[in-house]
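Note that ligands are numbered from 1 as they come in the structure, with each ligand's atoms numbered from 1 the same way.
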Amino acid sequence: MPKQRLLIKGGRVVNDDQSVEADVYVEEGVVQEVGPNLNPKPPSGLTVLDATNKLVIPGGIDTHTHLQFPFMGTTTKDDFYTGTKAAVAGGTTMIIDFAIPQKGCSLIEAFDKWKGWADPKVCCDYALHVAVTWWSDKQSRVGSKNFSNMRLPRKPFWSVKEEMKSLVQDKGVNSFKMFMAYKDLYMLSDEELYAALSYCKELGTIAQVHAENGELISQNAKKLLAMGITGPEGHALSHSEDVEAEATHRAIAIANTVNCPLFVVHVMSKSSARMITNARNEGKVVYGEPIAAGLGTDGTNYWNEDWAHAAAHVMSPPLSSDPSTPDFLMNLLANDDLSVVGTDNCTFDTCQKALGKDDFTKIPNGLNGVEDRMSVVWEKGVYSGKMDENRFVAVTSTNAAKIFNLYPKKGRIAVGSDADIVIWDPEATRTISAKTHHQANNFNVFEGMVCHGVPVATISRGKVVYHDGVFNVTAGQGKYVSRPPFPPYVYERVKQREEVCQPIPVKREPYAGVVSATPSAP
Ligand code: URP
Ligand code: ZN
Ligand code: ZN
Ligand code: ZN
């Protein structure tokens, strides 16, 4: 077999810390050289891409997708094929999806199931976060909780705790998502959160939280339905900004108490973003992930008179009903109060959304983003003047790679890095539309948005998978990427704190005075 060789000529290589005019030479999926005027020999069998007047950036990493997700009585339209194909069309070369077990069910079984769905279909590299939707630390699950109505796990003698350890040691998982919402489905109590976050820290992993108060949502929804509010605006009203802010604050408090690094997924409101900003200012190890939809559109859509339009925007936490929120979140992202941009891509078409036509609590939660994330961040972040090209790379790939321990294999263009690369035209524009997008659903929340910043070519492990609108993808060509625990970017600080920030008892002479008599029981 001849070696797979690629030369990207004449572009400006942009990493998170610097930009240089340089060519990039790739062999067998790995970057071999970065420098001016490269001239690899022999010239035969070499694919050459011209990047003159273009940027050459690390492929995007979407930290938050739900492809082929069975949820709320249906399954998302985008599976691991259409979802990752759309991803590469938008300049994203790695996604991190979520394996989510039902309460009482095995985490390892969920991981294996999701991997079994993804492996034959993915068109780019991927990894899996795993959700902790219930808790047990006893060897036998039988009798540890009353799960009489739930299926028993395949390995009845393994606790959730033991499964987490095995996922880290044997399956390359270094992040777990805990839900504070979806009462009775995925929600954990504070006691369970405390246990799960404590163990996440011990394992050297990142604790992710869906920060919304599930009890308040449930009470609010009951009240609104009783008032006759059944449409999508009821979703926004029941998931008020307070609901997100309270849970964000609680998650930060719990994480800080057990010295566990925290990653707040889908940060949607100003209040929640402020909580994260404050925590970071206080030196806490907390990261916030806004999503493309939260930066590119807003929750006024829930009041649209067209039910299908309004329902298409339903997700949790909801898009903010304050139209100045997207700008606010982008400012925080630009100055490092927020860290990475995901999408929470979780697509349902209008017929699926219609499962909740008479009751907003039954509208499947989720919207698109995996294809458009890079362009939306360029338009709203870079074109607007809020961030430069280096910060763009930081928030679309590098920071994700550092936090989830993929760096510098991913998230950087350097010798030895995977050749996940995008040739990016900062001057070109495109108009986003469901009519032309590559996702499987019939609605796009960014419909009509004109974006500067267009991916001209996307390269996945050295293979040109998308070029000038033409795909060259094969289902299953992407690889599962293992992520070791203890990412240094996160854990150097955590480990040091563990050593030097322990409370020390005060040395004192034992009390020698009179002790009051214990009152006898009446
Ligand atoms: O609405 C959402 N976010 N759907 C996906 C599930 C989740 O909470 O991330
Ligand atoms: Zn969530
Ligand atoms: Zn999600
Ligand atoms: Zn497209």
Side-chain angles (χ1 to χ4, degrees), residues 62-79 83 95-103 110 114 126-133 175-188 193 196 206-214 217 221 232 234-236 238-239 243-244 247-248 251 262-269 272 287-295 297 299 301-302 310-320 340-349 352-353 355-356 360-370 373 400 439 441 443 445:
D62 187 340
T63 48
H64 193 147
T65 67
H66 302 276
L67 304 176
Q68 215 164 316
F69 179 29
F71 186 47
M72 295 183 77
T74 186
T75 299
T76 56
K77 280 306 272 186
D78 281 299
D79 65 8
I95 58 152
I96 315 184
D97 208 272
F98 292 81
I100 307 183
Q102 298 299 309
K103 275 189 194 284
W114 257 262
Y126 80 103
L128 292 169
H129 310 291
V130 176
V132 176
T133 53
S175 48
F176 293 96
K177 178 175 178 182
M178 275 62 67
F179 289 88
M180 302 170 82
Y182 302 116
K183 192 185 165 194
D184 300 329
L185 182 65
Y186 300 143
M187 188 168 101
L188 296 185
L193 280 170
I206 310 297
Q208 300 173 289
V209 286
H210 176 131
E212 284 188 295
N213 183 320
I217 294 166
H235 177 78
S238 58
H239 294 242
V243 159
E244 189 186 353
T248 305
L262 184 73
F263 184 96
V264 183
V265 300
H266 45 45
V267 177
M268 304 301 286
S269 66
S272 173
Y287 306 95
E289 171 205 66
I291 64 165
L295 298 167
T297 183
N301 288 290
Y302 298 122
H313 293 80
V314 167
M315 67 159 296
S316 296
L319 297 164
S320 169
V340 306
V341 183
T343 59
D344 206 357
N345 190 95
C346 185
T347 51
F348 300 103
D349 68 14
Q352 292 174 300
K353 291 275 181 181
L355 289 167
F360 62 80
T361 66
K362 297 192 168 65
I363 301 171
N365 284 202
L367 40 70
N368 65 286
V370 74
R373 180 183 69 114
Q439 302 208 221
N441 64 322
F443 194 93
V445 296

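Ring to ring, F98 and F179 are not that close: their centroids are 6.0 angstrom or more apart.
Nearest heavy atom pair, residue P317 against residue H266, reads CD-ND1, 3.2 Å. The shortest non-hydrogen separation linking T74 to P364 is CG2-CG, 3.9 Å.
Protein-derived N/O/S atoms nearer than 2.8 Å to the Zn ion (ligand 3) total 3, waters excluded.
Listed by chain and number, the residues in a side chain to side chain donor-acceptor pair (under 3.5 Å) with T75 amount to none (sequence neighbours excluded). Judged as a side chain to side chain donor-acceptor pair (under 3.5 Å), and not counting sequence neighbours, the contacts of S320 are T325.
With 3.5 Å as the limit, one finds a donor-acceptor pair spanning the side chains of Q439 and N345. Side-chain contact of T63 with E289: a donor-acceptor pair under 3.5 Å is present, judged by distance alone.
Each of M268, H235, H313, E244 was compared with P318 under the side chain to side chain contact (heavy atoms under 4.5 Å, CB included) criterion, and only H235 meets it.
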Check ligand 1 for N or O atoms under 3.5 Å from a protein N or O and list each pair with its distance.
{"residue": "ligand 1", "atom": "1 (O)", "partner": "S316", "partner atom": "N", "Å": "2.8"}
{"residue": "ligand 1", "atom": "3 (N)", "partner": "S316", "partner atom": "O", "Å": "2.9"}
{"residue": "ligand 1", "atom": "3 (N)", "partner": "D344", "partner atom": "OD2", "Å": "2.6"}
{"residue": "ligand 1", "atom": "4 (N)", "partner": "N365", "partner atom": "O", "Å": "3.2"}
{"residue": "ligand 1", "atom": "8 (O)", "partner": "Y182", "partner atom": "OH", "Å": "3.2"}
{"residue": "ligand 1", "atom": "8 (O)", "partner": "H210", "partner atom": "ND1", "Å": "3.0"}
{"residue": "ligand 1", "atom": "9 (O)", "partner": "H66", "partner atom": "NE2", "Å": "3.0"}
{"residue": "ligand 1", "atom": "9 (O)", "partner": "K177", "partner atom": "NZ", "Å": "3.0"}
{"residue": "ligand 1", "atom": "9 (O)", "partner": "D344", "partner atom": "OD1", "Å": "3.3"}

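Relative orientation of the Y186 and F69 rings is parallel, given thresholds of 30° and 60° on the angle between their planes.
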